[in-house]
Amino acid sequence: MDLYYSSSSFECHKVRMMLEEKGLPCRLCHVDLVGASNLEPWFLHINPKGTVPVLVHGSSVVTDTNEILRFFDSIGQPMGGSIVDHDAAATWLTRVAAWDEEALAYSKMSLSAAQSITRFRRRVCVERMARNPDLVSAYGALLARYQTLEATIAAGHAATTSLRQLEALLDEAERTLSNPNNVFLAGREASIADVCFAPVLASVDRAGLSQKLLKTRPALAEYNKRMTRRQSFRTAVVWPTSLVAKFANVPAMVALGCRRLSRRY
């Protein structure tokens, strides 16, 4: 099995955590999103949507995060075995998938920084589309997506909606974890629900919202401590401290600036 992932991707954090929890053999192939490796022709031939994660297993190519998670969990005994509520765990996958994490991430950048990223990606699509006529459809769809994303970022409504979705998600987790029978989201052992949800809390921390959003949710705050101590989290979920987060976008901005100046698309 080959897993194409990015260390900065929220969706990839979920998949990497599951891979570590299950101890499955898999070749990891890093895709540099800042450098637009996901827009390279070789990658679009694997996944025309240009997204990560991507699992290649034999002749099968899987690009849906939850489908990858369910596949990994089906190998051997599912996480948590028979003492977790697997129906409840499946519900958490759906809940987390409905949250727009990307909107929150972009909202923590300045408007100019966010627009620099989307405009660079649009330029990459235009340049590579001209050189790869067989991928015109894929690049055209990506170009339209980045144009829509840029307009959405400028409007600002998506970030407000994302934060409202996030607070509802955290409230539901707080209610679940306040039940003494639930050490984790689907029972007394960690399950697929937890590898799906722990990266949400990492994104909260990256956005500098942990103190605001967790101080009134004590059960969730304790759960967060349990999850961040797990080796799978330490291995798979990479996020900056609150101090570093303030400068986390600087290397990306420098890299984009250099590429624009050198016209390397």
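These numbers come from a predicted model, not from an experiment.
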>> Run E222 and L177 through side chain to side chain contact (heavy atoms under 4.5 Å, CB included) and show every step you take.
In response: CA-CA 9 Å; E222 288 302 313; L177 294 164; over 6 Å; no
> Can you find a pair of side-chain heavy atoms, one from M1 and one from F71, that are under 4.5 Å apart?
Replying inline: yes
> Between the main-chain N or O of A159 and the side-chain N or O of Y106, is there a donor-acceptor pair closer than 3.5 Å?
Replying inline: no
> Backbone N or O of V183 within a donor-acceptor pair of the R226 side chain at under 3.5 Å?
Replying inline: yes
> Can you find a heavy atom in the side chain of M17 that is under 4.5 Å from one in the side chain of K14?
Replying inline: no
> When rounded to the nearest 0.5 angstrom, what is the spacing between CD1 in I117 and CG in L149?
Replying inline: 9.5 Å
>> Between L104 and L209, is there a side-chain heavy-atom distance shorter than 4.5 Å?
In response: yes
>> Tell me whether the count of non-hydrogen atoms from other residues, nucleotides or ligands lying under 6.0 Å of CD in Q211 goes above 12.
In response: no
>> In this structure, would M129 and L142 fall into the same cluster of hydrophobic residues linked by side-chain contacts under 4.5 Å?
In response: yes
> Does any non-hydrogen side-chain atom of L169 lie less than 4.5 Å from one of R95?
Replying inline: yes
>> Could you check whether any side-chain heavy atom of Q147 comes within less than 4.5 Å of a side-chain heavy atom of T118, counting everything from C-beta outward?
In response: no
> Got a salt bridge between E11 and K49, using NZ or NE/NH1/NH2 to carboxylate O under 4.0 Å?
Replying inline: no
>> I'd like to know if the side chain of T161 and the backbone of H157 have a donor-acceptor N/O pair within less than 3.5 Å.
In response: yes
>> Within the structure provided, determine whether Y4 and I46 are in side-chain contact (heavy-atom separation under 4.5 Å).
In response: yes
>> salt bridge (Lys or Arg N to Asp or Glu O under 4.0 Å) for E67 and R70? Distances and angles first, verdict last.
In response: CA-CA 5 Å; E67 191 174 343; R70 285 189 288 265; 5.8 Å; no
>> Any carboxylate oxygen within less than 4.0 angstrom of a Lys/Arg side-chain nitrogen, looking at R164 and E167?
In response: no
> So how far is it from D100 CG to F10 CZ, rounded to the nearest 0.5 Å?
Replying inline: 10.0 Å
>> Donor-acceptor check, side chain of N182 to backbone of T176, threshold 3.5 angstrom: yes or no?
In response: yes
>> Test side chain to side chain contact (heavy atoms under 4.5 Å, CB included) on S203 and V200; report intermediate values, then the result.
In response: CA-CA 5 Å; S203 291; V200 172; 5.7 Å; no
>> Taking L163 as the starting point, is it possible to reach L220 by hopping between hydrophobic residues whose side chains are less than 4.5 Å apart?
In response: yes
> Hey, does L44 have a side-chain heavy atom less than 4.5 Å from the side chain of R128?
Replying inline: no
> Do the side chain of T235 and the main chain of S232 share a donor and acceptor less than 3.5 angstrom apart?
Replying inline: no
> So do the side chains of M227 and D194 get within less than 4.5 Å of each other, counting heavy atoms only?
Replying inline: yes
> Any salt bridge between R16 and E20, counting N to O under 4.0 Å?
Replying inline: yes
> Can any side-chain N or O of N47 pair as donor or acceptor with the backbone N or O of V52 at less than 3.5 Å?
Replying inline: no
